[in-house]
Amino acid sequence: MPDPTPLKRYIPFTSDYGFKVTFGNEHNTLFLRRALQAVINMQFPIEEVIFEKNTKEPPTVDGRFLVYDFTCQLDTGEIAIVEMQLGGFPFMVNRLKYYTANRMIPFVKRGRFGFRNIPQIFCITFMNTNLFRDDDYIRTACLYDEKHRLIDDGVKYIFIELAKFNKSPELCMTDLDKLIYTMKTLPQIEQQAEIPDFMQEEWLASALKELDSSALTPEARAQLEMSIAREMSSILAPQQWADYMKEEGLKEGIEQGIEQGIEINLHTNIRNILSKHPDWTDFFVADLLQISEDLVRKVRAEM
């Protein structure tokens with residue numbers, strides 16, 4: 001069986017593997033603690049985080065299961081939910097509201113004062129795609145009235161759109177800028193000389209060490225390549241996402257748009273793989289992307 005295409009030196013933070021070995025690293029939480037402190041803009045260092053289960057039963061019989069990318073509790077009591085979004089996700093803000101609302105449930109008790117012990121929740125979303133129509137790469141949303149007066153900040157939604165960040169390394173002075181620059185540009189770095197000085201700070205260096213693909217065994221590299229290919233096959237193509245938005249509110253159109261978006265993008269991935277590796281068997285490509293051999297044969301015949 002042929003080896004998968006060699007990975008670039010650094011694995012993307014936004015991949016499932018990259019996210020788990022950096023933000024979800026239970027053995028070394030330095031990067032996670034400094035990253036959360038920078039994003040939340042906390043005045044005091046986060047000394048400890050308590051990892052929590054990232055799946056939860058739905059609150060109703062026909063409700064949706066909750067599958068958080070990552071959730072933890074800080075030593076100061078706050079809750080952090082961290083999402084990594086590769087592509088467009090239909091009604092993403094509603095999804096985040098659902099996550100935060102359900103995260104409150106365990107803290108609500110019976111009685112007149114049953115809501116008094118709900119901790120502050122930070123719902124942080126890193127995105128490869130753009131969600132808002134402006135140039136701001138980070139925004140924090142709370143509950144305000146029509147005169148922009150704060151009603152409640154018990155839940156803070158923090159959106160970080162990586163693609164909009166365009167600062168040069170010399171201008172990255174804060175931990176937040178250093179974090180976003182590293183997350184956005186790391187996959188393009190190939191040589192040690194290309195790494196900015198601030199990436200050698202202990203908290204960022206610890207993440208780079210985990211993401212360095214050159215340290216992986218051949219078997220681990222092959223598995224990682226397959227994992228990334230599967231992730232990419234599930235992302236809606238940009239044009240299908242635009243078409244989907246036009247159909248917003250039409251249930252049949254929404255479902256059809258999602259199916260078409262996934263199918264078109266999947267066909268593109270199959271063609272790209274077959275173009276680079278025409279000697280790979282239909283079975284191997286089907287196993288790589290977790291799809292049927294018939295679909296691979298169909299795309300190969302159309303090429």
Side-chain angles (χ1 to χ4, degrees), residues 12-14 18-19 22-23 31-44 46 49 66 68-74 76 78-104 118-169 171-187 198 203-204 207 235-236 238 241-242 244-245 248:
F13 276 91
T14 50
F19 182 77
T22 53
F23 286 90
F31 170 78
L32 171 64
R33 289 184 284 113
R34 283 286 292 271
L36 289 178
Q37 183 179 341
V39 173
I40 296 171
N41 193 26
M42 297 193 73
Q43 300 303 309
F44 302 99
I46 299 173
V49 291
L66 287 96
Y68 304 103
D69 281 349
F70 174 76
T71 179
C72 68
Q73 186 166 17
L74 311 185
T76 47
E78 296 93 341
I79 300 293
I81 299 171
V82 184
E83 288 286 300
M84 196 72 72
Q85 197 65 38
L86 284 174
F89 190 95
F91 304 118
M92 187 170 72
V93 174
N94 281 349
R95 172 191 179 187
L96 299 177
K97 289 190 294 183
Y98 178 66
Y99 282 0
T100 55
N102 279 278
R103 194 62 193 81
M104 294 180 192
I118 298 176
Q120 187 169 32
I121 299 176
F122 297 99
C123 188
I124 302 164
T125 305
F126 293 95
M127 294 173 286
N128 261 353
T129 55
N130 295 336
L131 180 64
F132 303 99
R133 297 181 178 179
D134 55 41
D135 296 329
D136 295 332
Y137 59 85
I138 184 169
R139 73 190 66 234
T140 300
C142 298
L143 184 61
Y144 289 84
D145 68 10
E146 74 282 359
K147 294 184 179 180
H148 305 289
R149 293 173 297 199
L150 180 66
I151 298 297
D152 179 68
D153 64 353
V155 176
K156 286 188 176 182
Y157 297 93
I158 304 174
F159 300 90
I160 300 174
E161 297 169 279
L162 300 175
K164 292 180 179 178
F165 186 84
N166 55 17
K167 287 187 179 181
S168 60
L171 297 179
C172 294
M173 307 302 294
T174 66
D175 278 359
L176 180 60
D177 285 346
K178 294 173 185 178
L179 171 67
I180 300 175
Y181 181 91
T182 302
M183 292 183 67
K184 178 179 179 179
T185 64
L186 188 63
F198 62 76
W203 67 291
L204 288 173
I235 301 172
L236 289 177
W241 175 245
Y244 163 79
M245 293 302 290
E248 182 178 345

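The model shown is predicted, which means the values in this text are computed figures rather than measured ones. Counting from 1, the numbers follow the sequence of the chain as shown.
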Quiz item: If you round to the nearest 0.5 Å, how far is CG of Leu186 from OG1 of Thr14?
Solution: 10.0 Å
Self-check item: Residue pairs, two or more places apart or on separate chains, that pass ring-ring contact (aromatic ring centres under 6.0 Å, His included) and touch residues 133-152
Solution: Tyr137-Phe165
Self-check item: With sequence neighbours excluded, residues passing ring pair (Phe, Tyr, Trp, His ring centres under 6.0 Å) with Phe132
Solution: Phe159
Exercise. Quick one: do Met183 and Met84 satisfy side chain to side chain contact (heavy atoms under 4.5 Å, CB included)? Show the steps, please.
Key: CA-CA 11 Å; Met183 292 183 67; Met84 196 72 72; 3.8 Å; yes
Quiz item: What residues form a side chain to side chain donor-acceptor pair (under 3.5 Å) with Thr100, not counting sequence neighbours?
Solution: Tyr157
Self-check item: Contacts of type ring pair (Phe, Tyr, Trp, His ring centres under 6.0 Å), residue Phe23, not counting sequence neighbours
Solution: Phe19, Phe31, Phe126
Quiz item: Would you find a donor on one side and an acceptor on the other, under 3.5 Å apart, between the side chain of Gln120 and the backbone of Glu78?
Solution: no
Quiz item: Between Cys142 and Asp152, what is the shortest heavy-atom contact and its length?
Solution: CB-O, 3.6 Å
Self-check item: Separation of Ile158 CD1 from Thr140 OG1 (nearest 0.5 Å)
Solution: 4.5 Å
Quiz item: What are the two closest heavy atoms between Ile121 and Met104, and how far apart are they?
Solution: CD1-CG, 3.7 Å
Quiz item: Below 4.5 Å, heavy atoms only, C-beta onward: do Glu83 and Met92 meet side chain to side chain?
Solution: no
Practice problem: I would like to know whether Thr76 and Phe44 meet side chain to side chain contact (heavy atoms under 4.5 Å, CB included); could you show each step before the answer? | Solution: CA-CA 10 Å; Thr76 47; Phe44 302 99; over 6 Å; no
Quiz item: How far does CZ of Arg33 sit from CE of Met42, to the nearest 0.5 angstrom?
Solution: 12.5 Å
Exercise. Report the residues that fulfil salt bridge (Lys or Arg N to Asp or Glu O under 4.0 Å) with Lys164, sequence neighbours left out, ordered by chain and then residue number.
Key: Asp134, Glu161
Quiz item: Minimum heavy-atom separation for Phe198 to Pro169, with atom names?
Solution: CE2-O, 3.6 Å
Quiz item: To the nearest 0.5 Å, what is the distance between CG (Leu179) and CG (Asp175)?
Solution: 8.5 Å
Quiz item: Taking side chain as C-beta onward, heavy atoms only, is Arg34 less than 4.5 Å from Lys178?
Solution: no
Exercise. Check the surroundings of atom CG in Asp136: do more than 12 heavy atoms from other residues, nucleotides or ligands lie under 6.0 Å from it?
Key: yes
Quiz item: Looking at Ala207 and Thr22, what are the two nearest heavy atoms and their distance?
Solution: CB-CG2, 3.9 Å
Exercise. Determine whether Leu36 and Ile124 make a side-chain contact, defined as any pair of heavy atoms from C-beta on separated by less than 4.5 Å.
Key: yes
Exercise. Kindly compute the distance separating CD1 (Ile160) from CD1 (Ile138), expressed to the nearest 0.5 Å.
Key: 4.0 Å
Practice problem: Could you grab the distance from atom CG of Asn130 to atom CG of Leu162, nearest 0.5 Å is fine? | Solution: 9.5 Å
Quiz item: So which heavy atom on Asp69 is nearest to which on Val82, and how close?
Solution: CB-O, 3.2 Å
Self-check item: Modelled atom types, side-chain donor and acceptor of Arg103 and Tyr99, under 3.5 Å
Solution: no
Exercise. Please step through side chain to side chain contact (heavy atoms under 4.5 Å, CB included) for the pair Thr71 and Ile79, ending with a clear verdict.
Key: CA-CA 7 Å; Thr71 179; Ile79 300 293; 4.1 Å; yes
Practice problem: Measure across Ala163 and Asn128 and return the closest heavy-atom pair with its distance rounded to 0.1 Å. | Solution: CB-O, 3.8 Å
Practice problem: Using the side chain to side chain contact (heavy atoms under 4.5 Å, CB included) rule, take Leu74 and Ile40 through it: C-alpha gap first, then chi angles, then the decisive distance, then the call. | Solution: CA-CA 12 Å; Leu74 311 185; Ile40 296 171; 4.3 Å; yes
Practice problem: Return the set of residues passing salt bridge (Lys or Arg N to Asp or Glu O under 4.0 Å) with Arg133 (not counting sequence neighbours), or none when no residue passes. | Solution: none
